[in-house]
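Read the numbers this way: they start at 1 and go in the same order the structure lists the ligands and their atoms. Quantities reported herein were computed from a predicted structural model and do not represent experimental measurements.
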Amino acid sequence: MNNIKSGFVTIVGRSNVGKSTLLNRIIGEKISIISNKPQTTRFNLKLIYNSFDSQIIFLDTPGIQKPKNKLGEYMLKQSIKSLKEVDLILYMVDIGFENGELDNFIIETLKKINLPKLCIINKIDKLEQKDIDNLIEKYTNMDIFEKVISISASKGTNVYNLIDSIKSFLPYGPKYYSDDMITDQTQRDIVSEIIREKTLFFLNDEVPHGINVLIEKFSIRKNKSLVDIDATICVERKSHKGIVIGKNGSMILKIGKFSRIDIEKFLGLQVNLKLFVKIDDNWRNKLFKVKEFGYYNK
Ligand SMILES: Nc1nc2c(ncn2[C@@H]2O[C@H](COP(=O)(O)OP(=O)(O)OP(=O)(O)O)[C@@H](O)[C@H]2O)c(=O)[nH]1
Ligand SMILES: [Mg+2]
């Protein structure tokens, strides 16, 4: 008899509510990048949780937003598409805002989907218990969710309870992936995202949102002590190139240094990282470019 609970679970919600933070915590590795700026996650990625009695394949999705360009259209389609590919839907909100137009859009979309749904209220480390209780009541009263669970993804509060609840809504089934697989992303994908994460951390306004990182070289030296990585940071405008390079190269040095530290931690190898900057005029508005950079809805 198979007594493994297994299935596919998507997490959707507005940007910045903490979807990627939660999934990294659940699988215990930093795979999905995180930032305090909106629109950090750009495509659906799988993060796989394994335990002796379960395998949960989570889909991390881009925050729901009004698309402003071809990349934004792709991101919204990815989030919506994820709702059709799963056994269970997690809808995450945080404590910071009233339900706006975007949340209403998501809630209306969820109402039409005949699958179990859990509502996760994140960032409760910033709230008093009575306010948490009020929020739980508000989402429970919507009558859409099988359960409403409050957590702190960054502190880990209630995350084990959440995993137990998720399991209770999954069917018994096979393990779809081997136990040692925690993501569908390649090492190159993750390295590219680590570099983009640093640009989100150090740069402001539209600059990081217009960045795409291409890994041009990824080669492990014969004695396996070092990996040589060349990456190109594509920016949308000439002025952005100057900002990414910074005065006397100070910004690109900083992005390189912090990227290298994280890439070394991730690969467990020493890294020789070379960064280049290239202008790819207005690429987020050009469908062929968006596709060429790998953002493509099949
Ligand atoms: N205080 C607090 N901050 C949190 C918590 N979880 C996440 N954050 C912060 O919220 C911000 C957004 O986190 P992300 O995980 O990137 O959010 P996201 O929902 O994946 O965002 P998108 O990818 O843009 O849709 C980051 O600055 C996190 O550190 C939490 O439990 N408490
Ligand atoms: Mg994210």
Side-chain angles (χ1 to χ4, degrees), residues 9-47 58-69 71-83 89-97 100 102-103 105-106 109 118-129 131-132 135-136 148-163 183-185 189-190 192-194 196-206 208-213 258 262 284 295:
V9 177
T10 186
I11 183 162
V12 295
R14 277 167 63 144
S15 238
N16 235 7
V17 292
K19 301 180 291 297
S20 303
T21 306
L22 171 66
L23 297 189
N24 285 334
R25 175 166 285 280
I26 287 178
I27 65 158
E29 288 261 0
K30 170 95 184 284
I31 298 292
S32 197
I33 62 167
I34 293 169
S35 89
N36 61 0
K37 304 197 172 71
Q39 295 154 49
T40 300
T41 306
R42 282 187 177 163
F43 48 86
N44 294 352
L45 60 154
K46 290 193 179 102
L47 294 160
F58 288 99
L59 293 181
D60 193 8
T61 69
I64 306 267
Q65 40 139 5
K66 273 210 186 111
K68 291 195 205 116
N69 47 44
L71 177 65
E73 286 171 19
Y74 165 84
M75 287 161 64
L76 181 62
K77 275 190 197 151
Q78 284 270 293
S79 309
I80 301 294
K81 182 169 148 252
S82 79
L83 298 169
I89 295 170
L90 306 179
Y91 170 51
M92 183 181 267
V93 293
D94 81 2
I95 50 146
F97 40 75
L102 280 173
D103 281 291
F105 164 74
I106 308 172
T109 307
L118 308 184
C119 176
I120 304 173
I121 302 168
N122 188 30
K123 307 194 186 179
I124 57 164
D125 51 291
K126 296 204 289 195
L127 266 198
E128 307 257 325
Q129 189 58 47
D131 297 322
I132 299 171
L135 274 177
I136 292 176
V148 178
I149 299 167
S150 61
I151 66 160
S152 166
S154 56
K155 297 251 186 312
T157 318
N158 233 359
V159 170
Y160 281 110
N161 284 340
L162 171 66
I163 296 172
T183 182
D184 62 344
Q185 300 297 292
D189 297 332
I190 295 168
S192 152
E193 285 287 271
I194 290 172
R196 194 166 65 79
E197 183 183 64
K198 302 309 162 213
T199 70
L200 276 158
F201 188 79
F202 289 118
L203 302 167
N204 291 318
D205 304 322
E206 271 307 283
H209 295 302
I211 277 176
N212 190 53
V213 179
F258 283 86
D262 274 15
R284 280 184 298 168
Y295 305 108

* Looking at L22, I11, I26, which one forms a side-chain contact (heavy atoms from CB on, under 4.5 Å) with F58? -> I26
* To do: Flag the pair S20 / T40 as yes when at least one side-chain heavy-atom distance between them is below 4.5 Å, and no otherwise.
  => no
* To do: Report, in ascending order of atom number, the atoms of ligand 1 lying under 4.0 Å from any heavy atom of Q39.
  => 24 (O)
* Asked: Counting backbone and side-chain atoms alike, does T41 have an N/O/S atom under 2.8 Å from the Mg ion (ligand 2)?
  -> yes
* Structure fact -> The option among G156, P62, S154 carrying the non-hydrogen atom nearest to atom 30 (C) of ligand 1 is S154
* Quick one: which ligand 1 atoms are inside 4.0 Å of a heavy atom on T40? -> 22 (P), 23 (O), 24 (O)
* Nearest non-hydrogen protein atom, atom 17 (O) of ligand 1 -> G18 N, 3.1 Å
* Is it the side chain (CB and beyond), the backbone, both or neither of N122 that lies under 4.0 Å from ligand 1, heavy atoms counted? -> side chain
* Of the protein's non-hydrogen atoms, which lies at the shortest distance from atom 14 (P) of ligand 1, and what is that distance? -> T21 OG1, 3.6 Å
* Measure across I34 and E197 and return the closest heavy-atom pair with its distance rounded to 0.1 Å. => N-OE2, 2.9 Å
* Within a distance under 4.0 Å of any heavy atom of S20, pick out the atoms of ligand 1 and give their elements. => 15 (O), 20 (O)
* To do: Can you sort out which atoms of ligand 1 are near S35, meaning under 4.0 Å from one of its heavy atoms?
  => 11 (C), 12 (C), 13 (O), 16 (O), 26 (C), 27 (O)
* Asked: With a 4.0 Å cut-off on heavy atoms, is K155 touching ligand 1?
  -> no
* So is V17 polar-close to ligand 1, meaning N/O to N/O under 3.5 Å? -> yes
* Specify side chain, backbone, both or neither for P38, according to which of its non-hydrogen atoms lie closer than 4.0 Å to ligand 1. => backbone
* Would you find more than 12 non-hydrogen atoms of other residues, nucleotides or ligands less than 6.0 Å from F202 atom CZ? -> yes
* Using heavy atoms and a threshold below 4.0 Å, how should the contact between K19 and ligand 1 be classified: side chain, backbone, both, or neither? -> both
* **Residue G63 vicinity, atoms of ligand 1 by number, heavy atom under 4.0 Å** => 25 (O)
* Asked: Under a 4.0 Å N-O cut-off, is there an ion pair linking E206 with K68?
  -> no
* **Closest protein heavy atom (residue, atom, distance) for atom 29 (O) of ligand 1** => I34 CG2, 4.2 Å
* Quick one: does ligand 1 sit under 4.0 Å from the side chain of K126, the backbone, both or neither, non-hydrogen atoms only? -> side chain
* S152 to ligand 1: N or O pair under 3.5 Å? -> yes
* Asked: Can you tell me if S32 has an N, O or S atom under 2.8 Å away from the Mg ion (ligand 2)?
  -> no
* Count the heavy atoms of every other residue, nucleotide or ligand shown that sit under 6.0 Å from NZ of K77, and state whether that count exceeds 12. => no
* If you count the atoms of ligand 1 from 1 in the order shown, which ones are under 4.0 Å from a heavy atom of N36? -> 27 (O)
* Return the residue, atom name and 0.1 Å-rounded distance of the protein heavy atom closest to atom 31 (O) of ligand 1. => A153 N, 2.9 Å
* Quick check: are there more than 12 heavy atoms from other residues, nucleotides or ligands sitting under 6.0 Å from NZ of K37? -> yes
* To do: Kindly check if the number of other-residue, nucleotide or ligand heavy atoms within 6.0 Å of CD (Q129) is above 12?
  => yes
* Would one find an N or O of I33, backbone or side chain, under 3.5 Å from an N or O of ligand 1? -> no
* Identify the closest protein heavy atom to atom 8 (N) of ligand 1: which residue and atom is it, and at what distance? -> K123 CE, 3.7 Å
* Do any N/O atoms on D125 end up under 3.5 angstrom from N/O atoms on ligand 1? -> yes
* Where's the contact between N16 and ligand 1, heavy-atom distance under 4.0 Å: side chain, backbone, both or neither? -> both
